[in-house]
S.K.: 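First the structure, which I've put down as structure tokens, then a few questions once you've had a look.
Note that the numbering runs from 1 along the sequence shown for the chain.
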Amino acid sequence: MKRIGLLMLFFFLCFVSTGWRQAQAQTQCRLIITFDAPGAGTILNQGQGTFPGQITDSGLIVGSYVDANGASHGFVRALDGRITTFDAPGAGTGAGQGTVPNGISDAGIVVGGVFDGSGVFHGFFGSPGRHFMTFDAPGAGTAPHQGTNATAINSTGIISGDYVDTNGVPHGYVRSPDGTITSFDPSDSVDTAADTLGLNRAGAITGPYTDASGAQHGFVRAPNGRITTFDAPGATGSVTVPSMITDRGTIPGAYLDANNVIHAFLRFADGSFSTFDVSGAGTGTFQGTLANAANLEGFTAGMSIDANDVSHGFVRTPAGKNSLFDAPGEGIQATIPLSINFWGVVTGYFVDANGVSHGFLRLP
């Protein structure tokens, strides 16, 4: 998620790859493209709109949109800007139901959760316009708000996710390409969660878990099944939240300090940490800096929450230089980057003045 020279990258983005651009936003090379999935709802402050979740190295963006009835649907945006919408088999059509894609491979295989008409969720994978398959982890519950969610897929076809059992307890799982599902939990976990992008090419998995005291910690599960738990330096022991894992084993995330201020961290494959804050980040309760994604070359994308509780996007270089940005428009309430590919192209969503969400694509 290979660095090429900056001049070549500039040339590629500005002059060669017109697929990164749309006609309405070609005034400069470094630009932010905004987009909406067809059918996305626009009702004021109802949690509707377009929610991208991941961008691949080939430029595919996967996400979901919420329609005017509150139901979710999936979409994939191609490099040229074309958006394909879809629903997984068995998706409900009521509010809080539907299709919620979480991850996508470079080959275009999408994974996610499908929420049926009874409020039960099931994992799915497949390609829009082709065949989708649904599945359930052994032990997954069948009552409302129980079931199986698929959150990430790698290039070998391994899928990771989580499921909620019949007692309402969440667990992690990994699904091999032959369909074998293996459940796992850190030894002191009472609630194991999975992350979009929380699976790398080697099969390492990261995510947060909660212990019996209510404290939240990070974990990384090696391909051989060995689980290592961790807390970021400076965390009070109450909240450490990993966001993803790169193919180098770097894990970005965020933690709370003793004053409930949020700080960003990078955990490297050797277990060492780097923590940082972005200039302008607030220092009040639940304000601060979150690292949401990183790529192979060490660029990090994330968000800062300022003293007015407004969220802004940033991209951080391996040398520690931060570039701040906001989605275009008046009265933007939040800009939330969620994924960065190896080109340095960032996707995420922003919330406009009316409380409606839209997708964005930021070029490096």
Side-chain angles (χ1 to χ4, degrees), residues 1-4 9 12-13 16-22 25 29-37 40 49-65 74-86 100-112 125 127-128 150-155 160 195-201 243-248 250-252 290-303 313-317 323 325 327 335-350 357-364:
M1 268 197 221
K2 303 181 191 158
R3 177 64 140 182
I4 60 174
L9 180 59
F12 179 85
L13 290 171
V16 179
S17 184
T18 57
W20 287 122
R21 297 171 289 176
Q22 291 180 334
C29 179
R30 184 186 295 273
L31 54 83
I32 296 176
I33 298 167
T34 64
F35 61 90
D36 292 289
T50 301
F51 302 89
Q54 180 189 349
I55 183 169
T56 69
D57 293 341
S58 60
L60 298 174
I61 296 174
V62 71
S64 61
Y65 68 94
F75 77 84
V76 172
R77 183 186 187 274
L79 182 61
D80 63 6
R82 289 179 296 113
I83 294 177
T84 301
T85 62
F86 63 91
V100 182
N102 293 311
I104 187 171
S105 70
D106 273 319
I109 306 299
V110 176
V111 297
F125 65 94
S127 299
T151 58
I153 183 170
N154 69 11
S155 59
S160 63
D195 278 316
T196 299
L197 297 176
L199 169 70
N200 70 11
R201 185 171 301 177
S243 295
M244 63 160 291
I245 186 168
T246 72
D247 288 343
R248 295 189 189 277
T250 301
I251 300 172
L290 298 85
N292 293 335
N295 67 11
L296 276 177
E297 294 306 316
F299 286 81
T300 305
M303 56 186 278
F314 73 84
V315 173
R316 181 179 177 87
T317 70
S323 297
F325 67 93
T335 299
I336 304 175
L338 293 175
S339 180
I340 181 171
N341 69 9
F342 75 74
W343 297 104
V345 181
V346 177
T347 195
Y349 68 93
F350 67 95
S357 295
H358 311 269
F360 75 82
L361 184 69
R362 180 190 183 270
L363 303 187

S.K.: Could you tell me if the side chain of Arg248 sits less than 4.5 Å from the side chain of Arg201, heavy atoms only?
M.R.: no
S.K.: Working to the nearest 0.5 Å, report the span between OG of Ser323 and CZ of Arg362.
M.R.: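 With rounding to 0.5 Å, OG (Ser323) is 6.0 Å from CZ (Arg362).
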S.K.: Can you list everything that forms a ring-ring contact (aromatic ring centres under 6.0 Å, His included) with Phe51? Sequence neighbours excluded, please.
M.R.: Tyr349
S.K.: Grab the two heavy atoms, one from Phe314 and one from Ala291, that are nearest each other, plus how far apart they are.
M.R.: CZ-CA, 4.5 Å
S.K.: Supply the atom-to-atom distance Ile340 CD1 to Leu296 CG, rounded to the nearest 0.5 angstrom.
M.R.: 11.0 Å
S.K.: Could you tell me whether the side chain of Thr50 and the main chain of Ala37 form a donor-acceptor pair under 3.5 Å?
M.R.: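 Yes, because the side chain of Thr50 sits within donor-acceptor range (under 3.5 Å) of the backbone of Ala37.
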S.K.: Among all residues two or more places apart in sequence or in another chain, which pass the side chain to side chain contact (heavy atoms under 4.5 Å, CB included) test with Thr84?
M.R.: Pro128
S.K.: Picking from Thr250, Leu199, Asn200, what satisfies side chain to side chain contact (heavy atoms under 4.5 Å, CB included) with Ile245?
M.R.: Asn200
S.K.: Hey, are the side chains of Pro364 and Val345 touching, using non-hydrogen atoms and a 4.5 Å cut-off?
M.R.: yes
S.K.: Which heavy atom of Gly313 sits nearest to which heavy atom of Pro337, and what is that distance?
M.R.: CA-CG, 3.6 Å
S.K.: Kindly assign one of parallel, tilted or perpendicular to the pair Phe350 and Phe360, based on the angle between their ring planes and the thresholds 30° and 60°.
M.R.: tilted
S.K.: So, is the end of the Arg316 side chain (NZ or CZ) under 6.0 Å from the ring centre of Phe299 and within 45° of the ring's axis?
M.R.: no
S.K.: Counting only N and O atoms by type, is there a donor-acceptor contact under 3.5 Å from the side chain of Thr151 to the main-chain atoms of Ser160?
M.R.: yes
S.K.: For the backbone of Ala150 and the side chain of Asn102, can you confirm whether one donor and one acceptor N or O come within less than 3.5 Å of each other?
M.R.: yes
S.K.: Going by ring-ring contact (aromatic ring centres under 6.0 Å, His included), name the residues that satisfy it together with Phe125, two or more places apart in sequence or in a different chain.
M.R.: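 So Phe125 forms no ring-ring contact (aromatic ring centres under 6.0 Å, His included) with any residue.
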S.K.: Verify side-chain contact (heavy atoms from CB on, under 4.5 Å) between Arg77 and Ile55, making sure each step is shown before the conclusion.
M.R.: CA-CA 9 Å; Arg77 183 186 187 274; Ile55 183 169; over 6 Å; no
S.K.: Do any N or O atoms from the side chain of Asp57 and from the backbone of Phe342 form a donor-acceptor pair under 3.5 angstrom?
M.R.: yes
S.K.: Pair Asn292, Met303 - check side-chain contact (heavy atoms from CB on, under 4.5 Å), show working.
M.R.: CA-CA 7 Å; Asn292 293 335; Met303 56 186 278; 3.7 Å; yes
S.K.: On a heavy-atom basis, which atom in Gly198 and which in Ala152 lie closest, and how many Å separate them?
M.R.: N-CB, 4.1 Å
S.K.: Looking at every heavy atom in both Leu60 and Ala78, which two are closest together, and how far apart are they?
M.R.: CD2-CA, 4.1 Å
S.K.: Evaluate the side-chain proximity of Leu197 to Gln54: yes if any heavy-atom separation is below 4.5 Å, no if none is.
M.R.: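 Side chain of Gln54 against side chain of Leu197, heavy atoms only: contact under 4.5 Å found.
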S.K.: Among Thr56, Val111, Ile104, exactly one meets side chain to side chain contact (heavy atoms under 4.5 Å, CB included) together with Val62. Which residue is that?
M.R.: Ile104
S.K.: Where do Leu338 and Thr347 land on the side-chain contact (heavy atoms from CB on, under 4.5 Å) test, with the steps shown first?
M.R.: CA-CA 6 Å; Leu338 293 175; Thr347 195; 5.7 Å; no
S.K.: To the nearest 0.5 Å, what is the distance between OG (Ser105) and CD1 (Ile153)?
M.R.: 5.0 Å
S.K.: Testing the basics here: between Gly74 and Pro101, what is the closest heavy-atom pair and its distance to 0.1 Å?
M.R.: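 The answer is CA-CG, 3.4 Å.
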S.K.: Say you draw a straight line from OG1 of Thr85 to CZ of Phe75; how long is it, rounded to the nearest 0.5 Å?
M.R.: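 The CZ atom of Phe75 is 10.5 Å from OG1 of Thr85, to the nearest 0.5 Å.
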S.K.: If I compare all heavy atoms of Ser339 with all of Ala293, which pair ends up nearest, and what's the gap?
M.R.: CA-CB, 3.8 Å
S.K.: Taking only residues two or more places apart in sequence, or in another chain, which ones meet Ser127 in a side chain to side chain contact (heavy atoms under 4.5 Å, CB included)?
M.R.: Ile109, Arg130
S.K.: For side-chain contact (heavy atoms from CB on, under 4.5 Å), just list the numbers for Tyr65 and Asp36, CA-CA rounded to whole Å, side-chain angles, deciding distance to a tenth of an Å, and then say yes or no.
M.R.: CA-CA 8 Å; Tyr65 68 94; Asp36 292 289; over 6 Å; no
S.K.: Can you name the side chain to side chain donor-acceptor pair (under 3.5 Å) partners of Asp195, sequence neighbours left out?
M.R.: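 Not a single residue meets the side chain to side chain donor-acceptor pair (under 3.5 Å) criterion with Asp195.
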S.K.: Test your reading of the model: is there a side-chain donor-acceptor pair from Thr335 to the backbone of Ala327, 3.5 Å cut-off?
M.R.: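 Yes, Thr335 side chain to Ala327 backbone: donor-acceptor pair under 3.5 Å.
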S.K.: Less than 4.5 Å apart, any side-chain heavy atom of Val346 and any of Val315?
M.R.: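 Counting from C-beta outward, Val346 and Val315 do come under 4.5 Å.
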S.K.: Atom CG in Leu79, atom OG in Ser58: separation rounded to 0.5 Å?
M.R.: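 Going from CG on Leu79 over to OG on Ser58, the span is 8.0 Å.
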S.K.: Got a donor-acceptor contact below 3.5 angstrom from the Asn295 side chain to the Asn341 backbone?
M.R.: yes
